[in-house]
There are 2 protein chains.
Amino acid sequence: VCGAYDTAALARELTLLLGSEQVLAGDGPGVAHYEQDATSARGLRARADLIARPGSAAEVAAVLALCYEHEVPLIPRGGGTGLAGGAVPLGGGVLCSLERLRAIRALEPGLWRMHVEAGLRTREVQRLARENGLCFPPDPGAAEQSQIGGNVATNAGGPHACKYGVTGNWVTGLEAAVAPGELIEVGGPYRKDVGGYDLKSLLVGSEGTLGIVTAVRLQLMPAPAEALVLIAFHRTAAEGCAAILELLAAGVQPAALDFVDGTALRIAAGAWEDGNMEIPPDAEFALLIEVDGTREQAHAAHAELVAVLEPSALELREPDRDALWRWRDRVAGAVSAVRGGKVSEDIVIPVEHLAEALARFAEIAERHGLQGCAWGHGADGNVHANLLLDPHSEEDLTAAAHATDELFALAVALGGAISGEHGVGALKGGQLARQWPPRALGLHEEIKRVFDPKGLLNPGKKLARAPAQQPPTLASARSNPDA
Amino acid sequence: VCGAYDTAALARELTLLLGSEQVLAGDGPGVAHYEQDATSARGLRARADLIARPGSAAEVAAVLALCYEHEVPLIPRGGGTGLAGGAVPLGGGVLCSLERLRAIRALEPGLWRMHVEAGLRTREVQRLARENGLCFPPDPGAAEQSQIGGNVATNAGGPHACKYGVTGNWVTGLEAAVAPGELIEVGGPYRKDVGGYDLKSLLVGSEGTLGIVTAVRLQLMPAPAEALVLIAFHRTAAEGCAAILELLAAGVQPAALDFVDGTALRIAAGAWEDGNMEIPPDAEFALLIEVDGTREQAHAAHAELVAVLEPSALELREPDRDALWRWRDRVAGAVSAVRGGKVSEDIVIPVEHLAEALARFAEIAERHGLQGCAWGHGADGNVHANLLLDPHSEEDLTAAAHATDELFALAVALGGAISGEHGVGALKGGQLARQWPPRALGLHEEIKRVFDPKGLLNPGKKLARAPAQQPPTLASARSNPDA
């Protein structure tokens with residue numbers, strides 16, 4: 001039982017809608033994975049009262065209608081790979097898993113389009129495009145687990161956002177279940193539409209707090225014929241960051257321009273698939289760069305890269321492309337494994353301040369007695385700032401909370417933003433107040449009320465300002481139902 | 001005097017804010033151009049009570065605050081090149097011209113960025129980028145007159161949106177004056193930001209009904225080294241539209257892929273700058289195509305174009321690039337001149353329905369006794385459907401109103417949208433109700449109330465549903481203050 005509603009009666013109504021196999025008790029067997037997302041190493045877990053697994057967009061709308069009628073919180077869930085606790089059912093309620101909405105409504109390679117349901121895995125979207133000579137460029141981490149609906153709801157990025165933009169740039173239309181319980185479609189199979197306010201962009205990145213994305217129309221592009229990668233090792237972060245600015249000034253457009261700092265490099269060296277990635281002993285920074293296009297274009301850009309980077313780099317290396325990006329995807333796990341957990345935030349700063357941001361983050365981590373390391377999307381000024389910790393140490397978690405607080409302040413002081421990819425979720429509630437003036441925060445909050453007057457859609461998530469009742473701190477969020 | 005407010009008292013307060021030279025009487029000398037936009041040939045004119053010309057973003061916010069305090073309608077105005085009456089001060093009030101906000105706050109070519117005020121001409125933005133080896137790709141018509149703030153407020157497109165997207169795709173941040181009278185900035189000099197709901201995209205394309213854009217942060221890109229153009233003449237629209245689909249299916253990515261139908265071709269042939277553009281006698285359709293990139297890439301794409309188009313085209317021609325796009329920009333004027341005016345709408349349909357849309361538009365025009373012709377952005381399915389008319393003929397205007405009504409219904413029936421570039425303005429008020437379900441319309445209206453609770457910002461524009469009091473029809477809108 002939770003709040004004012006009768007869980008057993010609600011379960012019966014949901015069962016009538018979805019069938020008994022698709023309505024699960026939150027404390028039943030085999031449902032523990034619904035309690036967490038990728039923040040579990042930070043201790044963030046919570047149990048929903050009920051888990052609903054609708055099989056169609058219409059069923060999602062019906063579940064929403066039922067929750068709205070009975071005033072029950074409804075927490076949408078995609079692949080559960082989020083890094084901000086956005087899909088964790090804090091405060092109970094009904095968790096709505098989109099996993100069964102996997103239909104490919106239309107695949108039109110000749111028109112560079114795909115219309116798919118929200119639960120389709122990101123990797124599957126990428127594969128379908130590739131098998132048809134096309135490309136769906138967004139490449140957030142954990143693509144095997146994450147779902148396209150969750151990518152849209154968080155406006156996920158990834159290394160190739162450098163040239164190709166984030167997920168939202170590839171969404172021409174979307175269908176969403178909205179309060180008080182119906183489906184709307186905004187946008188469509190076309191890229192221009194100025195008839196109404198841009199509700200599509202408003203739903204993209206709204207983290208399930210304005211509506212539940214049930215299907216998306218994706219724009220695809222012809223796959224580049226060639227993609228070439230390069231690793232440039234630098235002696236210092238400052239030199240590596242200067243090299244990024246030199247590349248931009250030279251007019252080189254990389255498809256991806258990631259960086260990994262020396263600490264992360266050494267920790268993750270063993271995660272290279274054919275044994276160790278050899279790190280030059282003096283390297284404290286590496287750039288992972290991809291250029292693409294026609295064969296001639298990619299080779300010309302590669303030559304430009306080499307010309308710009310050779311004077312400052314310790315070493316330039318040309319690894320296998322797939323091996324490089326698979327390794328890049330493993331960096332986070334390798335870093336997490338050192339002490340059993342990590343706190344990771346992903347501030348954005350104007351790219352010319354990247355070196356300063358990294359230096360100041362290192363200073364913040366050290367002052368709080370934690371090992372810090374960073375990687376991220378260099379040309380986008382998007383820093384994944386990581387603090388290694390023991391997730392069972394209250395002291396570590398508290399120190400990390402103080403350090404990330406300083407990190408958000410730093411991002412804003414450097415003219416940046418509190419998050420470029422991960423979103424606000426539960427863990428960054430109220431941090432937006434550092435970045436936006438009060439009137440903009442008020443607009444954010446009023447838009448929430450317009451879409452969700454009863455405040456039932458993913459409550460407590462993506463809050464612009466700290467609520468009267470504090471959002472979960474790292475320490476309190478760790479109070480896990482099984483503990 | 002208008003409404004409940006005292007115009008003379010308001011003029012005194014505005015004069016205190018802006019100085020006497022920047023506050024003009026709506027019926028004073030030399031202000032007639034503020035009464036109209038590019039819809040004047042359709043007879044849409046109206047006079048503001050006062051014209052305010054603030055010189056800074058802070059002054060725009062102060063004008064907004066004053067209007068909000070006294071409950072006076074405020075109509076923002078950029079270059080006045082709109083095609084939907086969005087900047088026409090129907091109903092009086094204060095017209096706020098952004099023409100004096102022309103500062104270049106920052107031009108950072110090495111970082112591919114520009115931060116400029118709203119009143120800077122579009123051509124100037126393009127020129128500044130080009131002079132620094134960069135490119136600002138959006139290229140709406142009338143770039144000499146239009147202002148970047150207006151381009152953002154309408155999310156303007158143009159031929160090169162085909163590859164590079166519309167204006168909003170190049171805006172990373174914007175500053176706007178919002179009710180009850182202050183400046184907010186959303187986004188910034190970075191391309192990723194998921195901290196708050198996407199207020200930036202909401203303001204883009206909102207036509208001055210949610211706030212007044214005062215400055216924009218633009219993303220630029222390295223200028224393509226080469227751009228090659230081609231005209232392909234086809235015997236029929238159906239063959240030309242089939243060629244567009246063949247190009248897409250072949251994976252060719254044009255920078256621009258416009259079309260011009262036979263009627264428009266013949267009317268505008270004389271507008272070619274070195275005498276006549278020779279139209280093959282059997283041509284009823286032409287594709288205007290540009291491919292770009294590195295030299296090798298552009299030439300490779302050009303060869304692909306030729307290979308795909310040669311079997312179906314009557315003739316392929318390689319004109320001078322600048323001459324082609326300058327001519328393209330003159331087509332509308334040439335068509336207007338035939339009978340003194342035209343009604344032009346710009347529906348969007350999924351590209352595979354382009355041939356059907358054109359055929360059905362021709363049938364609609366004929367049935368209403370008007371000469372119709374069409375051009376537009378082929379690969380985007382964005383049709384500029386034009387009806388030639390005598391702007392002094394009530395009969396013509398009424399026939400055009402009925403025909404465009406059918407045109408909007410056709411767009412929606414084919415799975416499209418009522419406008420791809422021009423927006424809703426005053427002339428398409430309520431047409432969105434054909435396209436969106438009631439709940440989405442309600443969200444649109446509630447968002448308006450959130451931003452503008454007193455309904456003073458560009459009132460009567462971008463209405464999702466027809467108001468209780470009808471929006472101006474073509475005929476009634478023609479009732480010009482000087483008539």
Side-chain angles (χ1 to χ4, degrees), chain A residues 110-112 133 154-155 157 161 166 178 182 184 186 188-199 201-202 204-206 222 245 248-249 251 253 293-294 296-297 300 348 350-352 380-382 415-421 423-424 432 435-437 439-440 443-444 446-447 450-451 464, chain B residues 110-112 133 154-155 157 161 166 178 182 184 186 188-199 201-202 204-206 222 245 248-249 251 253 293-294 296-297 300 348 350-352 380-382 415-421 423-424 432 435-437 439-440 443-444 446-447 450-451 464:
Chain A
L111 299 167
W112 309 3
T154 56
N155 205 5
V166 291
V178 293
E182 61 189 280
I184 61 170
V186 285
Y190 39 78
R191 299 192 309 158
K192 285 167 149 185
D193 181 11
V194 291
Y197 298 136
D198 191 353
L199 301 189
S201 295
L202 207 47
V204 170
S206 66
L245 298 181
L248 291 174
Q253 168 70 79
T294 59
E296 295 77 7
Q297 187 188 15
V348 173
V351 61
E352 67 272 29
D380 292 325
N382 189 188
I418 59 161
S419 178
E421 298 183 328
V424 174
L432 187 64
Q435 186 185 328
W436 278 8
R439 175 62 175 142
L443 291 168
H444 175 109
E446 289 182 60
I447 287 168
V450 162
F451 278 80
Chain B
L111 299 168
W112 310 1
T154 56
N155 205 4
V166 290
V178 293
E182 61 188 280
I184 61 169
V186 285
Y190 39 77
R191 298 192 310 157
K192 284 166 149 183
D193 181 10
V194 290
Y197 297 136
D198 191 354
L199 301 189
S201 296
L202 207 46
V204 170
S206 65
L245 299 181
L248 292 174
Q253 168 71 79
T294 59
E296 295 77 7
Q297 188 187 13
V348 174
V351 61
E352 67 272 28
D380 292 325
N382 190 187
I418 59 160
S419 178
E421 298 184 327
V424 174
L432 187 64
Q435 186 186 328
W436 278 7
R439 175 63 175 141
L443 291 168
H444 176 110
E446 290 182 59
I447 287 168
V450 163
F451 278 80

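Lettering of chains follows the sequences in order, A, B, ..., and the numbering in each one begins at 1. On a predicted model such as this, the values are computed, not experimentally measured, just so you know.
- Heavy atoms closer than 4.5 Å to chain A are found in the side chain of B:I418, but not in its backbone.
- For B:V450, the parts lying near chain A are the backbone and the side chain together; criterion is any non-hydrogen pair under 4.5 Å.
- If you tally non-hydrogen atom pairs under 4.5 Å between each of B:G110, B:G195, B:P222 and chain A, the highest count goes to B:G195.
- Between A:V348 and B:K192 the shortest heavy-atom distance is CG2-O, 3.5 Å.
- Contacts with chain B were tallied for A:T294, A:L443, A:V351, A:N382; A:L443 has the most, counting heavy-atom pairs under 4.5 Å.
- When heavy atoms are compared at a cutoff of 4.5 Å, A:E446 approaches chain B by way of both its backbone and its side chain.
- Annotation: side chain of A:L202 is in contact with side chain of B:I447 (closest heavy-atom distance under 4.5 Å).
- For chain A, the nearby parts of B:A440 are the backbone and the side chain; heavy atoms of each come within less than 4.5 Å.
- Both the backbone and the side chain of B:D193 come within contact range of chain A, with heavy atoms under 4.5 Å apart.
- Heavy atoms closer than 4.5 Å to chain A are found in the side chain of B:Q435, but not in its backbone.
- Between B:Q297 atom CD and A:Q297 atom CD the span is 3.5 Å, to the nearest 0.5 Å.
- Within the 4.5 angstrom heavy-atom criterion, atoms from both the backbone and the side chain of A:L248 approach chain B.
- Contact record, B:Y190 with A:G415: CE2-O, 3.1 Å, taken as the closest heavy-atom pair.
- Chain B forms the most heavy-atom pairs under 4.5 Å with one residue out of A:L245, A:V186, A:V166, and that residue is A:V186.
- If you measure heavy-atom distances from B:I184 to chain A, the contacts under 4.5 Å come from both the backbone and the side chain.
- In this structure, CH2 in A:W112 is found 8.0 Å from CZ in A:R191, a value given to the nearest 0.5 Å.
- In this structure, chain A has a heavy atom under 4.5 Å from the side chain of B:E296, while its backbone stays farther away.
- Interface residue A:P437: only side-chain heavy atoms are found under 4.5 Å from chain B.
- A:L111 CG to B:E352 CD: the interatomic distance, rounded to the nearest 0.5 Å, is 5.0 Å.
- Listed options A:G251, A:G381, A:G196, A:S206 were ranked by heavy-atom pairs under 4.5 angstrom with chain B; first place goes to A:G196.
- Looking at every heavy atom in both residues, B:P350 comes nearest to A:P189 through CG-CG, 3.8 Å.
- Nearest heavy atoms, A:T154 versus B:V194: O-CG1, 3.8 Å.
- Counting heavy-atom pairs under 4.5 Å between each of B:S201, B:A249, B:A464 and chain A puts B:S201 at the top.
- Using cut-offs of 30° and 60° for the angle between ring planes, the B:H444 and A:Y197 rings count as parallel.
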